[in-house]
Amino acid sequence: MVEFGLDTFGDVNDKPYAQVIRDVVEQGVLADRLGLDFFGVGEHHRDDYAISAPEIVLAAIAARTERVRLGTAVTVLSSDDPVRVFERFATLDAVANGRAEIILGRGSFTESFPLFGYDLADYERLFAEKLDLMAELLTEGPVTWEGSIRPALRAQQVYPKTESGRIRTWIGVGGSPESVVRAAQYGMPLVLAIIGGAPARFAPYVDLYHRALKELEQEPQPIAVHCPGFVAATDAEAVDILWPHARRNLDRIGRERGWPPATRDRFEADVTEGAWHVGSPETVAGKIAATIRDLGIDRFDLKYSHGPLPHEHLMTCVELYATEVVPRVRELLAA
């Protein structure tokens, strides 16, 4: 059965950072109460996102929830220490009674590299070596590892151990074939971040992942997708509410990356044909069902926070997604 989740980066609005973080906790609690399967928070180190320590936010949510699985979207492994990542998530897993998940990635922003003293010239090597070490740590046995980025480990135990013996750990990718094959190499589940273009165009990556798992003699693994979206009572209301906030976010990132200014026509085209799952519950359900069918995925995560969208709209979106969109998607998939 397909699972359904939500992702947020804790986008900053007109409230202080502290209140944005408290609001994210409330959104996670609501997701649990309404029966969603997963709630993920991103890691960023810039002024337009409030969450730089996702495990702490997730622990606050864990203390007030019972069922929803809690993870990152993503953990920027390249600029972190894999040993500390494991320790923090093993601790979260204890607080959450086994509900912790990790999504490892390189991140779409690079602010964490100078912040933590890493050279962007080492971008590929840092992720490759740290992922290799992380794979060893996840076995929860004595770790013997050697690389060029940190001191070697010799039969080193790392604590705490988890009750299940393994933390569910995914690799998040943005469309690089090499990253897809790397996930298969380590036998880790795959998360495809689909933030632009038609989701169906990612079908070759899904096929590549399945073929790589088979050729590498790995067990079958689930695939999830992360897509932007927003739900309101009607299609027009959803676009009208979201557009000014999405434009502010897109234009800020665009100025940093050399993109042209966002236009409403282009945005509405992305809503109709691209990665944005925006509209009424019926419209969003239809598009999610199509994405699931086209890609044959096991979990769909809606990235529902965008720029300075107010908390009240985000809570409404969470409620509509859980109570109207998800049941309708299940009906469409069963038809």
Between Y49 and E111, is there a side-chain heavy-atom distance shorter than 4.5 Å? no
Neighbour count above 12 (heavy atom, 6.0 Å) for I56 CD1: no
Please report the C-alpha distance between R328 and E282 in whole Å, then the side-chain angles of each, then the deciding distance to 0.1 Å, and finally whether the side-chain contact (heavy atoms from CB on, under 4.5 Å) criterion is met. CA-CA 7 Å; R328 181 56 178 151; E282 185 69 23; 3.1 Å; yes
Do H306 and W276 have their ring centres less than 6.0 Å from each other? yes
What verdict does the side-chain hydrogen bond (donor to acceptor under 3.5 Å, both in side chains) test give for Q19 and R22, after you've listed the backbone C-alpha separation in whole Å, the side-chain angles of each residue and the deciding distance to 0.1 Å? CA-CA 5 Å; Q19 186 59 54; R22 289 191 288 267; 3.1 Å; yes
Carboxylate-amine/guanidinium proximity below 4.0 Å for R264 and D240: yes
Short N-O contact, D48 and R248, less than 4.0 angstrom: no
R88: which of T75, D80, D81 passes side-chain hydrogen bond (donor to acceptor under 3.5 Å, both in side chains): D80
Lys/Arg-Asp/Glu bridge criterion (N-O < 4.0 Å) met for R106, E124: yes
NZ/NE/NH1/NH2 to OD/OE distance under 4.0 Å, R64 and E26: yes
Can D47 and R252 be counted as an ion pair, charged N to O under 4.0 angstrom? yes
Below 4.5 Å, heavy atoms only, C-beta onward: do Q221 and Y186 meet side chain to side chain? no
Tell me whether I103 shares a hydrophobic cluster with F127, the cluster being built from Ile, Leu, Val, Met, Phe, Trp, Tyr side chains joined at under 4.5 Å. no
Would you sort out whether S176 and E178 count as a side-chain hydrogen bond (donor to acceptor under 3.5 Å, both in side chains), showing the intermediate values? CA-CA 5 Å; S176 159; E178 294 79 10; 2.9 Å; yes
Under 4.5 Å between side-chain heavy atoms, hopping through other hydrophobics if needed: is there a path connecting V329 to L320? yes
Cation over ring face, K161 and Y159, 6.0 Å, 45°: yes
Less than 4.0 Å between a side-chain N and a carboxylate O, is that true for D270 and R266? yes
Side-chain heavy-atom pair Y321, I288 within 4.5 angstrom cut-off: yes
For the CD1 atom on I149, are there more than 12 heavy atoms of other groups (residues, nucleotides or ligands in this structure) within a distance under 6.0 Å? yes
Matching residue for H45 among F116, F109, Y118 - test: ring pair (Phe, Tyr, Trp, His ring centres under 6.0 Å): F116
A quick test of your reading: do over 12 heavy atoms of other residues, nucleotides or ligands sit less than 6.0 Å from CD of E256? yes
Point-to-point distance, once rounded to the nearest 0.5 Å, from OG of S52 to NE2 of H44: 11.0 Å
Could you tell me whether E273 atom CD has more than 12 heavy atoms of other residues or ligands within 6.0 Å of it? no
Quick one: does Y304's side chain have a donor or acceptor within less than 3.5 Å of a partner on V231's backbone? no
